[in-house]
Number of protein chains: 2
Amino acid sequence: MVEKDDFDLQNFLPYLLNQAAEESSLEFQQVYKNKYGILRTEWRVLFHLGAFGEMTASTIVTRARIHKTKISRAVQKLVEKRFVARERSEDDRRQEFLRLTPLGLAAYKDLREVAAAYDRTLEAKFSEEEVALLRAMLRRLGERG
Amino acid sequence: MVEKDDFDLQNFLPYLLNQAAEESSLEFQQVYKNKYGILRTEWRVLFHLGAFGEMTASTIVTRARIHKTKISRAVQKLVEKRFVARERSEDDRRQEFLRLTPLGLAAYKDLREVAAAYDRTLEAKFSEEEVALLRAMLRRLGERG
DNA sequence: CCTTGTTAGTTACAAATCCAACCATTACCA
DNA sequence: TGGTAATGGTTGGATTTGTAACTAACAAGG
């Protein structure tokens with residue numbers, strides 16, 4: 001019989017963070033997957049372009065901290081689906097600007113509403129002050145380093 | 001030109017949770033990967049067995065909310081590495097009990113120390129009350145439903 | 001110019017994941 | 001009993017991911 005001990009896995013922050021992150025992503029994931037047939041990385045790209053406007057792939061890489069091969073493939077899929085258009089820069093022909101097509105914009109606007117509504121249901125579990133503190137702490141924990 | 005808008009992706013809780021979870025897993029991940037050559041799911045199985053003692057694969061599935069094929073394959077790897085031993089139940093021969101070998105126990109104990117130390121560095125970013133609240137909120141967000 | 005180094009983005013191949021179908025065993029129940 | 005359903009766990013094949021190597025374009029120094 002292997003001994004038990006007192007290390008509390010249930011209190012290990014990375015564990016708690018992962019469980020909460022997974023659970024909180026699940027419901028929303030179903031929506032964009034079923035409704036638009038896109039995956040998480042594609043959703044993230046879509047949202048970055050929708051929320052911040054035209055930008056290059058490497059800007060998304062930096063801001064979202066997703067590996068560039070994932071971005072590259074997500075962009076390909078979004079272009080195939082006619083959600084995103086690419087345009088090569090004249091200044092520096094290595095980079096290309098990405099922006100949402102009208103179709104992509106419509107999808108984004110729809111999903112943004114769903115996301116905002118879902119966020120409200122999560123917020124509703126706590127008081128305003130608690131939510132504000134939670135966000136601040138998560139931001140701090142998410143900083144690189 | 002695609003319009004910008006005011007949806008604040010940076011405040012979207014699932015997004016913040018994912019960023020924090022990823023960042024907080026990264027450093028510890030390097031340790032168990034480099035030191036013992038195991039992946040995240042294998043680490044989770046190891047920790048469940050170490051922290052709670054002998055149990056079946058499906059118990060881990062339920063408790064850790066990881067898909068059973070992932071568990072199945074992680075257990076295979078851990079058995080290959082001689083970290084885990086399986087023993088078929090006499091009562092119900094479909095299920096088999098899993099427990100750590102002395103080798104697995106040693107790895108667990110080592111990693112538990114690393115995990116605890118790492119947890120303390122995360123905690124150190126905040127006050128005690130804040131950490132307690134964070135844990136409570138994460139637990140709440142991680143509940144299924 | 002020419003070399004060397006850097007950056008933007010893609011691709012190839014191996015490893016890991018997901019989903020569905022699949023045994024084997026046990027439970028239910030007419 | 002016998003037939004059907006449910007459970008524990010594994011396997012196969014398509015999809016995704018990770019890592020590294022790659023192309024193409026620019027930058028900087030001689």
Side-chain angles (χ1 to χ4, degrees), chain A residues 18 21-23 25-27 29-30 32-34 36-46 48-49 54-81 84-99, chain B residues 18-19 21-23 25-30 32-34 36-46 48-49 54-81 84-99:
Chain A
N18 269 293
E22 245 167 77
E23 184 61 36
S25 295
L26 208 64
E27 189 175 333
Q29 191 174 6
Q30 298 309 320
Y32 57 72
K33 189 177 172 187
N34 295 333
Y36 295 101
I38 60 178
L39 300 175
R40 211 161 68 107
T41 308
E42 293 159 56
W43 165 71
R44 287 220 214 170
V45 170
L46 190 79
H48 270 271
L49 295 176
E54 183 177 88
M55 62 177 73
T56 69
S58 66
T59 303
I60 302 179
V61 166
T62 306
R63 296 181 73 134
R65 278 189 273 166
I66 301 173
H67 197 274
K68 61 180 181 171
T69 62
K70 272 174 98 171
I71 297 289
S72 173
R73 291 191 254 244
V75 168
Q76 281 176 8
K77 295 248 173 89
L78 289 170
V79 168
E80 281 170 26
K81 292 188 175 79
V84 166
R86 19 175 35 144
E87 185 190 352
R88 194 154 288 279
S89 161
E90 289 307 316
D91 296 359
D92 181 343
R93 281 191 323 233
R94 285 171 304 183
Q95 59 189 4
E96 49 190 18
F97 294 112
L98 306 171
R99 68 191 135 74
Chain B
N18 269 292
Q19 295 286 106
E22 245 167 75
E23 184 62 36
S25 295
L26 208 64
E27 189 175 331
F28 184 52
Q29 191 174 8
Q30 298 309 319
Y32 57 72
K33 190 176 173 187
N34 295 333
Y36 295 101
I38 60 178
L39 301 175
R40 211 161 68 106
T41 308
E42 292 160 56
W43 166 71
R44 286 220 213 169
V45 170
L46 190 79
H48 270 270
L49 295 177
E54 183 177 88
M55 61 178 73
T56 69
S58 66
T59 304
I60 303 180
V61 166
T62 306
R63 297 181 71 133
R65 277 186 275 166
I66 302 174
H67 196 272
K68 61 180 181 173
T69 63
K70 273 173 98 170
I71 297 288
S72 173
R73 282 165 175 138
V75 169
Q76 281 177 9
K77 296 247 173 92
L78 289 170
V79 169
E80 281 170 25
K81 292 188 175 80
V84 166
R86 21 174 34 143
E87 185 190 353
R88 192 153 290 279
S89 161
E90 289 307 316
D91 295 359
D92 182 343
R93 281 192 324 234
R94 285 171 303 183
Q95 58 189 4
E96 50 190 18
F97 294 112
L98 306 171
R99 70 193 133 73

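Each chain gets a letter, A, B and so on, in the order the sequences are listed, and its residues count up from 1. Everything numeric here is computed off the predicted structure, so don't read it as measured data.
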- prompt: Is there side-chain contact between A:Arg99 and A:Met55, with heavy atoms separated by less than 4.5 Å?
  reply: no

query: Which is true for B:Arg88 with a 4.0 Å heavy-atom rule: it touches a base, it touches only sugar-phosphate, or it touches nothing?
result: nothing

message: Whole angstroms only, please: what is the NZ-C1' distance between A:Lys70 and C:dT11?
response: 17 Å

Integer-rounded Å distance: C:dT10 P and A:Gln76 CD: 6 Å

Below 4.0 Å: OP1/OP2 of C:dG9 and any side-chain N or O of A:Ser72: no

- request: Check the distance between C:dC18's C1' and A:Glu22's CD and give it to me in whole angstrom.
  value: 14 Å

For B:Tyr36, ring-ring contact (aromatic ring centres under 6.0 Å, His included) partners two or more places apart: none

query: Reckon B:Leu39 touches a base, only the sugar-phosphate, or nothing at all at heavy-atom distances under 4.0 Å?
result: sugar-phosphate

query: Just how far, in rounded Å, is P of C:dA16 from CZ of B:Arg40?
result: 14 Å

task: Sequence neighbours left out, what passes side chain to side chain contact (heavy atoms under 4.5 Å, CB included) with A:Glu27? Give chain and number order.
output: A:Tyr118

query: Sequence neighbours excluded, which residues qualify as side chain to side chain donor-acceptor pair (under 3.5 Å) partners of A:Thr59?
result: A:Thr56

message: For chain B and DNA chain D, what are the first and last nucleotides along the strand, 5' to 3', with at least one atom under 4.0 angstrom from a heavy atom of the protein chain?
response: D:dA6 to D:dT19

message: Check the orientation of B:Phe28 and B:Trp43. Use parallel for under 30°, tilted for 30 to 60°, and perpendicular for over 60°.
response: perpendicular

Please report, to 0.1 Å, the donor-acceptor pairs under 3.5 Å made by any side chain of residues 68-79 of chain B, with sequence neighbours excluded.
from    : atom 1 : to      : atom 2 : distance (Å)
B:Thr69 : OG1    : B:His67 : ND1    : 3.1

- line: When B:His67 and A:Thr69 are each assigned the nearest nucleotide of DNA chain D, the 5'-most assignment goes to B:His67

message: Which is more 5' along DNA chain C, the nucleotide nearest B:Thr41 or the one nearest B:Arg93? Just name the residue.
response: B:Thr41

query: Taking CD1 from B:Ile66 and P from C:dT17, how many angstroms apart are they, rounded to a whole number?
result: 10 Å

message: Take a 6.0 Å sphere around CZ of A:Arg86 and say whether it holds more than 12 heavy atoms from other residues, nucleotides or ligands.
response: yes

- line: Smallest heavy-atom separation, A:Ile66 atom then A:Thr41 atom, equals CG2-CG2, 4.2 Å

query: Rounded to the nearest Å, what distance is computed from the CZ atom of residue A:Arg73 to the P atom of nucleotide C:dT17?
result: 16 Å

Are there any protein N/O atoms within less than 3.5 Å of an N/O atom in nucleotides 3-8 of chain C, and if so, which ones and at what distance?
from  : atom 1 : to      : atom 2 : distance (Å)
C:dT7 : O2     : A:Arg94 : NH1    : 2.7

- prompt: B:Arg94 and B:Arg88: which non-hydrogen atoms are nearest, and at how many Å?
  reply: O-NH1, 3.2 Å

- request: Have a look at B:Arg86 and say if it touches a base, only the backbone sugar-phosphate, or nothing, with a 4.0 Å heavy-atom cut-off.
  value: sugar-phosphate

